[in-house]
Amino acid sequence: MNEKKKKNDDYSAETYLIYGKAHTMKWDYNHHVIPPISSSTTYRLDSAQRGAQGFIEFAHTTEETKGRAPIYIYDRLGEPNKDILEENLAFAEKGEAAVTYATGMGAISAILGILTKSGDQILAHRTLYGCTFSLLSNWYPRYNIDVGFINLLNVGELEQNITEATRVVYFETPVNPTMEIIDIRSVCEVVAEYNKSRSPENRILTVVDNTFATPFCQRPLEFGADFVVHSLTKGIGGFGTDMGGAVIGPESARDMLLLYRKDFGAVLATKSAWPILVYGLPSLPVRMRQQQASAGTVAEFLCRHPKVESVNYPGAECFAHSDLAKKQMRDYHDNFAPGSLLYFTLKADSPQARKDLGEKLINYIAEEAYTITLAVSLGHTRTLIEHPGSMTHSAIPPEEQLARGLDPGGIRLSIGLEQVDDIIKDLGEALEIV
Ligand SMILES: *Cc1c(COP(=O)(O)O)cnc(C)c1O
């Protein structure tokens with residue numbers, strides 16, 4: 001900075017209110033215990049040369065640029081809050097690199113967007129979060145990308161359905177909302193067999209949506225998955241205040257993920273990155289420990305309740321997939337970590353009767369319960385209940401839901417931070433009236 005310009009006296013007070021001191025050390029992140037909220041859409045480039053260098057280096061990682069401070073240009077390309085959050089998310093998932101997006105759907109669109117092109121095929125598990133199902137069934141066929149829905153609980157179906165065109169195998173585990181557990185290692189082993197005879201560009205890649213488990217309970221990359229996606233809106237954000245998404249995977253994919261974000265524009269707002277970085281991620285383990293202890297107690301209560309037909313909770317002995325869950329869902333200290341979500345049905349004579357009873361239960365809770373809220377989303381401080389068949393998963397046609405493992409009467413419960421006896425009191429009262 002020019003010496004003369006340091007003398008603020010030379011300028012008017014109005015101008016000073018805009019520029020402040022010509023020199024300030026207050027931008028130095030190194031001495032903040034908490035990073036300040038970065039709220040600048042654009043960045044001062046100092047010189048044309050440095051500006052040009054910034055554009056050359058963006059999404060163009062080389063040995064030289066690695067480990068060097070980035071040249072920030074414009075928020076959509078990158079800025080400090082997102083960058084710090086991405087470093088921490090990569091660490092949380094034990095991956096090399098992470099790129100954030102405006103929402104979970106932004107992240108899912110980005111990873112599938114960089115991995116596929118016209119003529120390719122995606123194989124996906126038959127049950128998926130409703131908007132992911134809609135993306136794959138309503139939009140991808142328009143781009144001439146074929147999507148095959150298969151049952152990945154049976155890995156043999158994968159072997160039967162892989163073709164020359166298959167590029168991606170996509171699934172959630174636990175599956176939203178049924179809590180079924182897909183064996184990540186087995187799926188990746190089948191894919192690895194097929195990849196032996198393929199060129200590197202034609203490798204089939206596995207993408208796991210780890211939103212339900214969060215990295216505290218399970219890290220799919222450790223079982224051989226290529227990419228993990230997250231809705232940061234849920235358990236990682238944790239407080240229900242902000243939307244966000246992320247893709248975590250190999251360093252080699254980072255540049256393409258950044259380019260996709262730059263051009264398609266689903267950029268995580270700095271003001272959303274900040275609370276996820278400062279509140280959400282640091283408190284994830286303590287929240288998850290509390291929530292999964294409560295979820296275990298609620299699952300036990302439901303398993304014993306005479307009006308309850310089935311309880312899908314990875315930590316419940318009465319759940320068919322609990323053995324696989326025990327192998328796959330482990331926290332950072334290798335303790336079994338079954339998570340904070342449950343799916344259950346009530347006893348009735350037919351699917352329609354189960355649906356009617358489930359609705360009755362949910363309506364009673366919506367009206368009367370203090371500690372359980374009827375709302376979509378999950379991984380919140382508050383316990384949330386919803387009916388996937390008519391809400392989060394309504395994109396799956398009702399006549400297909402049962403065949404995809406979704407019971408019309410299924411109820412999803414996401415356990416929050418309340419005292420567990422209070423949750424059980426509200427749940428017990430509602431079960432009395434159905
Ligand atoms: C909510 C959710 C998404 C989508 O995330 P948004 O942040 O709402 O876009 C994707 N996958 C799963 C499993 C989810 O629960």
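Read the numbers this way: they start at 1 and go in the same order the structure lists the ligands and their atoms. Please read all numbers here as calculations on a predicted model, not as lab measurements.
Residue Leu374 holds its CG atom at 9.0 Å from CD1 of Ile365, rounded to the nearest 0.5 Å.
Contact of the Val175 side chain with the Leu153 side chain is not registered, since no non-hydrogen atoms from C-beta on lie closer than 4.5 Å.
Residues Glu180 and Arg126 are paired through a salt bridge, judged by an N-O separation under 4.0 Å between the basic side chain and the carboxylate.
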Check ligand 1 for N or O atoms under 3.5 Å from a protein N or O and list each pair with its distance.
{"unit_1": "ligand 1", "atom_1": "5 (O)", "unit_2": "Ser231", "atom_2": "OG", "d": "3.0"}
{"unit_1": "ligand 1", "atom_1": "7 (O)", "unit_2": "Gly104", "atom_2": "N", "d": "2.8"}
{"unit_1": "ligand 1", "atom_1": "7 (O)", "unit_2": "Ser231", "atom_2": "OG", "d": "2.8"}
{"unit_1": "ligand 1", "atom_1": "7 (O)", "unit_2": "Thr233", "atom_2": "OG1", "d": "2.7"}
{"unit_1": "ligand 1", "atom_1": "9 (O)", "unit_2": "Gly104", "atom_2": "N", "d": "3.0"}
{"unit_1": "ligand 1", "atom_1": "9 (O)", "unit_2": "Met105", "atom_2": "N", "d": "2.9"}
{"unit_1": "ligand 1", "atom_1": "11 (N)", "unit_2": "Asp209", "atom_2": "OD2", "d": "2.6"}
{"unit_1": "ligand 1", "atom_1": "15 (O)", "unit_2": "Asn176", "atom_2": "ND2", "d": "3.3"}
{"unit_1": "ligand 1", "atom_1": "15 (O)", "unit_2": "Lys234", "atom_2": "NZ", "d": "2.8"}

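Residue pairs meeting the side chain to side chain donor-acceptor pair (under 3.5 Å) criterion with at least one partner in residues 286-308, sequence neighbours excluded, are Ser283-Arg287.
Not counting sequence neighbours, the partners of Tyr43 by the ring pair (Phe, Tyr, Trp, His ring centres under 6.0 Å) test are Tyr72.
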Let me have the donor-acceptor pairs involving side chains of residues 230-237, under 3.5 Å, with sequence neighbours excluded, atom names and distances please.
{"unit_1": "His230", "atom_1": "NE2", "unit_2": "Glu93", "atom_2": "OE2", "d": "2.6"}
{"unit_1": "Ser231", "atom_1": "OG", "unit_2": "Thr233", "atom_2": "N", "d": "3.4"}
{"unit_1": "Ser231", "atom_1": "OG", "unit_2": "Thr233", "atom_2": "OG1", "d": "3.2"}
{"unit_1": "Thr233", "atom_1": "OG1", "unit_2": "Gly244", "atom_2": "N", "d": "3.2"}
{"unit_1": "Thr233", "atom_1": "OG1", "unit_2": "Gly244", "atom_2": "O", "d": "3.3"}

